[in-house]
Amino acid sequence: MRLSRFPLATAKETPADAEVVSHQLMQRAGYIRKLGSGLYTWMPIGLRVLNKVAAIVREEMNRAGAVEVLMPSIQPAELWEQSGRWAQMGGEMLRIKDRHNNDFCYGPTHEEVITHHVKQDVRSYRQLPLNLYQIQTKFRDERRPRFGVMRAREFLMKDAYSFHIDEADLAREYQVMREAYTRVFDRLGIDYRIVQADAGNIGGNRSEEFHVLAGSGEDLLAVSDSGPFAANIEAAPCVAVGARAAASAVMQQVATPGQKTCEQVARFLDTALTAKVKLLVVQTAAGELRAVALRGDHQLNEVKAAKHPMIGAGFVMAAPEKVEALFGCEVGYLGPVNSPIPVIADHAAAVIADFTCGANQTDFHLQNVNWGRDCPEPETADLRNIVEGDVSPDGVGRIKFYRGIEGGHIFQLGRKYTEAMGLSVLDEASQPVTPWMGCYGIGVSRLVAAIIEQRHDDKGIVWPASVAPFTVVICPIGMDRSDAVRETTESLYAALQGQGLDVLLDDRGQRPGAMFADAELIGIPYRIVIGDKALADGQVEFKARNLAEAERVAATAEAVRARIAAA
RNA sequence: CGGGGAGUAGCUCAGCUUGGUAGAGCAUCUGCUUUGGGAGCAGAGGGUCGCAGGUUCGAAUCCUGUCUCCCCGACCA
């Protein structure tokens, strides 16, 4: 490609509305342009990268035996009514009407559609297993789109759906997909971790996420420092550790005027934060109030709480007025002693002896409180977020936190959708069975940003060759005043292109500094500089984007090609 | 959804408090010079000041409404 004919709009200044480095660089390097909140146009150079990432995903999906389809981005409401999700989904789903006033949505995901089609065509166990995928634009009306294409409303996603005669075959396919995803992420040249995940409202049992490690990531990952354990903090179980010591002192009430938070009380009474029990009040979807006891330094894990039978999905933190009316004190002074509602204690809170807690009386706390003696033995459960330094749930190593960008997610869905949509096939005994289903997503457009988060320097993007918009850029110095430079440039350009390389020729006639700055900003992996000086020795300059030093190679396509191959 | 902020040239922003015919840098165009790290000089083009209404002799500036965008939080998964 000749740059003189390729619309590339780079900017020196960092755009004001871009917070994370990938968004800034994509905008500055002219990869994307914003159309509206969470809506981005992929400009020519950006599209080349997006297409290369998509191509790698496609290759690995095909290699793994999945088959590509393309479903509409607009879906009839009817299908979502069948699965029950038309009512369940919130404002995240963009609902639209056609001219006949019929309801549709812009697809946020395609479980319903694919299940519908499989139902149309698959009748026999002989047609299974089946794994269908597409690379399609999705729309999710995020409350708060941010970070450019990393959390956009419209985005490109690869979503695959597999169907199986039994659970064992689903588990087998899940492993196949896990390996395919591993190959994809390896080829993208990024540092990533596979972590246990919560399946969320999509449903299902086993689920893992592929996270690109980055400080700007929106997810917190709990990873063992010396073992294999790794989980999204949402899904990281906390094991009950240690037994409760015997009570050693008499419960007593102390005045703690104005001390509302655990930190304040611990400081005021000069006791350890870990010896304090705090009580949170949640309101279930049915409107009932429940108290959750946590150790002073711990936080409620909302995913775990939503799974607890006494709390359930759809709970919210209770309004302070309701809590105060029920307990007769301000929310900063709640405790399990004489609690008017059932208390569910996290394992870590349940093993503390002689703890400090609110007295259910404003400006007073209780010390030396003991479960079973001063208040009932609570129902116990795993309800907290794991914290750094905790023993890994599998017992190997200690937990360390990382931030990650969710680039892929694989699920064993089970039969939720096949049942809801009435999909059944005949088995060997001519009996109808409901197939098991898996689904597997990769955020293609998000991955472009995620790669940049990991691969950039102060000059710009540093692409791995696998997804770079161009593999090599040729920068001729003084092309219009030196015949030697012009001739070498043209012949090298033609020859490298002939070898199948994606070559960019900077024939804009810019000064060297401008050419170099642009090449570095847009992140081309290899740069060839052709100038009279080196050419006098029959050489050109070769520089890899990720290395500091330039070197000289013979001014032939073979020599350049060999040098690239060696890099 | 709650709170905060911003909409002025293609981009980044000043001007608004105290109303008087629209500014800078970058980018673009022309000419000359320059040519190994985002060149210099001279000149030029480019804006219904988000939109609608109001106040006023006069509104980018004051008032009302509205739309959009950004940030923090909550929510959702």
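Keep in mind the model is a prediction, meaning the values are calculated, not measured. Order of the sequence lines sets the chain letters (A, B, ...), proteins ahead of strands, with each chain counted from 1.
Annotation: B:rA14 and B:rC62 have their P atoms spaced 15 Å apart (nearest Å). A gap of 15 Å separates the C1' atoms of B:rU48 and B:rU21, to the nearest Å. Taking the P atom of each, B:rG4 and B:rU8 are spaced 22 Å apart, rounded to whole Å. For the P atoms, the distance linking B:rA59 with B:rC41 amounts to 40 Å, nearest Å. When the C1' atom is compared between B:rU33 and B:rG20, the two are found 44 Å apart, to the nearest whole Å. Comparing the C1' positions of B:rC32 and B:rG19 gives a spacing of 45 Å, expressed to the nearest Å. Here, B:rG53 and B:rC69 have their P atoms 23 Å apart, quoted to the whole Å. Going from the C1' atom of B:rU61 to that of B:rU56 covers 13 Å, rounded to whole Å.
Ion pairing between A:Arg151 and A:Glu406 fails under the 4.0 Å rule for side-chain N and carboxylate O. A:Lys138 and A:Asp159 are joined by a salt bridge, as a carboxylate oxygen and a charged side-chain nitrogen come within less than 4.0 angstrom of each other. Ionic pairing of A:Asp219 and A:Arg403 is not present here: no N-O contact between side-chain nitrogen and carboxylate oxygen is shorter than 4.0 angstrom.
Base pairing of B:rA39: its partner is B:rU33, meeting the Watson-Crick or G-U wobble criterion (both donor-acceptor distances under 3.5 Å). Under the Watson-Crick or G-U wobble criterion, with both distances below 3.5 Å, B:rA6 is paired with B:rU68. Base pairing of B:rA27: no nucleotide in any strand meets the Watson-Crick or G-U wobble criterion (both distances under 3.5 Å). With both pairing distances under 3.5 Å, B:rA60 is matched to nothing as a Watson-Crick or G-U wobble pair. Taking a pair to require two hydrogen-bonding distances under 3.5 Å in either a Watson-Crick or a G-U wobble arrangement, B:rU17 remains unpaired. With a 3.5 Å ceiling on both atom-pair distances, the Watson-Crick or G-U wobble partner of B:rC1 is B:rG73. Of the nucleotides present, none pairs with B:rA22 by Watson-Crick or G-U wobble criteria with both distances under 3.5 Å.
Not a single donor-acceptor pair under 3.5 Å links the side chain of A:Asp506 to the backbone N or O of A:Cys475.
For the pair A:Glu142 CD and B:rG73 C1', the computed distance is 16 Å after rounding to whole Å. Atom CD1 of A:Ile530 is separated from atom C1' of B:rG36 by 14 Å (rounded to the nearest Å). Between A:Glu92 atom CD and B:rC1 atom P the separation is 16 Å, expressed in whole Å. Atom pair A:Arg146:CZ and B:rG5:C1' shows a separation of 17 Å (rounding to whole Å applied). Rounded to whole Å, the distance from CG on A:Leu300 to P on B:rC75 is 11 Å. As rounded to whole Å, 11 Å separates atom P of B:rA74 from atom CD of A:Gln299. In this structure, CG of A:Leu521 is placed 19 Å from P of B:rC26, rounded to the nearest angstrom. Atom CG in A:Asp507 sits about 16 Å away from atom C1' in B:rU35, given to the nearest Å.
If you check distances only, the side chain of A:Glu520 does reach the base of B:rG37 with a donor-acceptor pair under 3.5 Å. A donor-acceptor contact under 3.5 Å is formed by the side chain of A:Arg143 with the base of B:rC75.
With distances taken from any side-chain atom of A:Phe516 to the nucleotides B:rC70, B:rG37, B:rG38, the minimum falls on B:rG37.
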- request: Starting from the C-alpha separation in whole Å, work towards a yes-or-no answer on side chain to side chain contact (heavy atoms under 4.5 Å, CB included) for A:Met421 and A:Leu79.
  value: CA-CA 8 Å; A:Met421 307 288 294; A:Leu79 290 176; 3.8 Å; yes
Full working for side chain to side chain donor-acceptor pair (under 3.5 Å) between A:Glu173 and A:Ser162: CA-CA 8 Å; A:Glu173 184 72 5; A:Ser162 70; 5.2 Å; no
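Evaluation of the side-chain contact (heavy atoms from CB on, under 4.5 Å) rule for A:Glu324 yields A:Pro320, A:Glu330, A:Val331 as partners, not counting sequence neighbours. Shown here are the salt bridge (Lys or Arg N to Asp or Glu O under 4.0 Å) partners of A:Arg146, two or more places apart in sequence or in another chain: A:Glu218. For A:Asp390, the salt bridge (Lys or Arg N to Asp or Glu O under 4.0 Å) test picks out A:Arg384, with sequence neighbours left out. Under the salt bridge (Lys or Arg N to Asp or Glu O under 4.0 Å) criterion, A:Lys533 pairs with no residue at all, not counting sequence neighbours. Remark: A:Asp480 pairs with no residue by the salt bridge (Lys or Arg N to Asp or Glu O under 4.0 Å) rule, at least two apart or across chains.
A:Gln136 and A:His110 share no donor-acceptor pair across their side chains, judged by distance under 3.5 Å alone.
If you check every strand for non-hydrogen atoms under 4.0 Å, A:Val529 touches a base. Within 4.0 Å (heavy atoms only), A:Glu19 reaches sugar-phosphate atoms of the nucleic acid but no base atom. No engagement by A:Arg33 is indicated, since no non-hydrogen atom pair under 4.0 Å with the nucleic acid exists. In this structure, A:Arg527 reaches the bases: a heavy-atom distance under 4.0 Å links it to at least one base atom across the strands shown.
Taking a 4.0 Å limit (strictly below) on heavy-atom distances, residues 539-548 of chain A reaches RNA chain B at A:Glu541. Across residues 472-493 of chain A, A:Ile477, A:Arg481 each have a non-hydrogen atom less than 4.0 Å from an atom of RNA chain B (numbered order).
Residue pairs meeting the ring pair (Phe, Tyr, Trp, His ring centres under 6.0 Å) criterion with at least one member in residues 5-32 of chain A, sequence neighbours excluded: A:Phe6-A:Phe470, A:His23-A:Tyr40, A:Tyr31-A:Trp463. Counting only residues at least two apart or on different chains, no ring pair (Phe, Tyr, Trp, His ring centres under 6.0 Å) pair has a member in residues 284-315 of chain A.
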Dump every N/O contact between nucleotides 7-13 of chain B and the protein below 3.5 Å, one line per pair.
none

Atom pairs under 3.5 Å, N or O on each side, protein against nucleotides 39-44 of chain B: can you list them with distances?
from, atom 1, to, atom 2, distance (Å)
B:rA39, OP2, A:Arg511, NE, 3.3

Sequence neighbours left out, cut at 3.5 Å: what donor-acceptor pairs do the side chains of residues 523-531 of chain A make with other protein atoms?
from, atom 1, to, atom 2, distance (Å)
A:Arg527, NH2, A:Glu541, OE2, 3.3

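At least one side-chain nitrogen or oxygen of A:Lys12 sits closer than 4.0 Å to the OP1 or OP2 atom of B:rA27.
Side-chain contact between A:Phe411 and A:Met437 is absent, with no heavy-atom pair separated by less than 4.5 Å.
A side-chain contact (heavy atoms from CB on, under 4.5 Å) with A:Trp80 is found for exactly one of A:Glu111, A:Arg95, A:Arg85, namely A:Arg85.
Remark on RNA chain B: of its neighbouring residues A:Arg153 and A:Lys533, the 5'-side contact belongs to A:Lys533, judged by nearest-heavy-atom nucleotide.
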